[in-house]
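One structure is given here, and the rest of the page talks about it.
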Number of protein chains: 2
Amino acid sequence: MKDERPEGTPAPRRRRLPSDERRREFVTRAVEFFAEEGFESSTRGLAKRLGVTQPLLYRYFPSKEDLIHEVYETVYVNRWRPEWAGLIGDRSRPLADRLNEFYNAYTEVIFNREWMRIYLFSGLKGVDINRRYMQLVRQRILEPIVMEARAEAGLPEAVPRDDEVEFAWVMHGGIFYYGVRDLIYESCVSADKQQVIADAVAAFLHGLALKRG
Amino acid sequence: MKDERPEGTPAPRRRRLPSDERRREFVTRAVEFFAEEGFESSTRGLAKRLGVTQPLLYRYFPSKEDLIHEVYETVYVNRWRPEWAGLIGDRSRPLADRLNEFYNAYTEVIFNREWMRIYLFSGLKGVDINRRYMQLVRQRILEPIVMEARAEAGLPEAVPRDDEVEFAWVMHGGIFYYGVRDLIYESCVSADKQQVIADAVAAFLHGLALKRG
DNA sequence: ATTTTTATTTTTCAGTCGATAAATAACGCC
DNA sequence: GGCGTTATTTATCGACTGAAAAATAAAAAT
């Protein structure tokens, strides 16, 4: 059976796009689509949203899985800003300032429905790129944060202790969960993101000092 | 085409269970099943895991959706402990002690793969019970915590301020995210849950005092 | 203008999906 | 032992799924 089109509708006029352009369009809209509907949603649903027939997708991607992998790549890799790491290590400013600036910048990227939902969906699927992302966060963000806190307290810098990194994860997770509540659960959330971050950062830094006695 | 069974296999012997017992079994295993495979997974997959044919499910539940609703009910409602609320309000002990005890008890219930995954899956689907659960947490847990902190600081108790509740959400989310990392992302996580909770609680209480200047 | 290339659609397939109706057999009762 | 109840299976439906193959048409090349 052919993919139905309401009776009187004229055959869709073919917009022929250069293949690289079309491909980019597919990936971009696939991110939107799968973010909203989940990865189990059909390629036909995606094609309809694109205004294109379903088999055309298979001209550009060998399988649905391959398309989904490009979606991951787009969200996880392309939106990571390498300068974040540098920002945290800039010792010309107090660590509290750096952390505030970092988390404001970071959440500007990840606090949107698309990013959050792709992240959670892929996490539940247990895909490898998700695990790698967590390691990236730990190595590039949280361990440096712990080391910077050590340095600022005049403590010797060795390797970050596990329980200190764990404590940083709790701050990180707390901020992250604020985005989840806002964008996934759509519960009414305090509008002042900057304040929430400032409070979380302050509590973390004081808590860390407290922990060390 | 009939639901295949490898050629030589004898017809499955029928275990006839009393209907209420069978029903309980179905719901219990459906929780396991959907937690692991997601709600998009097939009723045939569930039936196979139950060692039962797929149409039998429809003797007990009018539709897949109805079965899923019972799964929600089982996880969200049945595992909530009403005594949690009382625990937080017990002013014969320091608030820090109460919060530690509460979060140790609470995470004993929710820190398991089943609960966590059902929670995240249903959250992404945007089902109503998830929203109601978030309100429950806010009203029965977080707002009381904020009020208890006020009381302990000798401050007048009025209604909890939004930014204070938000701050409590960050602690709560941080602890929750610790479970997510452990059970969903299966990243190696500090084994000492009790320590993580103690640190988070201490940082929260000090941070709250700090916030108020 | 004709040919070549290739982006796009049409058609189709073999599975899978949730769900229904009818056939079967295990158990309780007498 | 025979009978009735009902838990369970068998068989089937129509819609939908990812994917392949072939037909078509728009653009580029000649």
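Heavy-atom basis, side chains included; hydrogens, waters and symmetry copies ignored. Letters A, B, ... mirror the listed sequences (proteins, then strands); counts begin at 1. These numbers were taken from a predicted model, which means no experiment stands behind them.
Residues forming a salt bridge (charged side-chain N to carboxylate O under 4.0 Å, His left out) with E157(A) (at least two apart in sequence, or on another chain): R91(A). Scanning for salt bridge (charged side-chain N to carboxylate O under 4.0 Å, His left out) contacts around R29(B) gives E32(B), with sequence neighbours left out. In this structure Y58(B) satisfies the ring-ring contact (aromatic ring centres under 6.0 Å, His included) test with no other residue, sequence neighbours excluded. Take Y106(B) and apply the ring-ring contact (aromatic ring centres under 6.0 Å, His included) test, not counting sequence neighbours, and it matches W84(B), F102(B), H172(B). In this structure, the side chain to side chain contact (heavy atoms under 4.5 Å, CB included) partners of A198(A), at least two apart in sequence or on a different chain, are N100(A). Every residue meeting the ring-ring contact (aromatic ring centres under 6.0 Å, His included) condition with F204(A), not counting sequence neighbours, appears here in chain and number order: F167(A).
Pairs engaging residues 119-130 of chain B under the salt bridge (Lys or Arg N to Asp or Glu O under 4.0 Å) rule: E65(B)-K125(B), D128(B)-R132(B) [sequence neighbours left out]. Residue pairs meeting the ring-ring contact (aromatic ring centres under 6.0 Å, His included) criterion with at least one member in residues 23-45 of chain B, sequence neighbours excluded: F26(B)-Y60(B), F34(B)-F39(B), F39(B)-Y72(B).
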Contact pattern, 5' to 3', of nucleotides 17-22 of chain C - B, S or - by protein heavy atom under 4.0 Å: BBBBB-
If you restrict it to nitrogen or oxygen atoms, what contacts under 3.5 Å exist between nucleotides 2-5 of chain D and the protein, and what is each distance?
none

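Rotation axes derived from the C1' atoms of the five outermost pairs at either end of the helix from dA1(C)-dT30(D) to dC30(C)-dG1(D) lie 10° apart, to the nearest 10°.
Shown for residues 121-128 of chain A: no residue has heavy atoms falling under 4.0 angstrom of DNA chain D.
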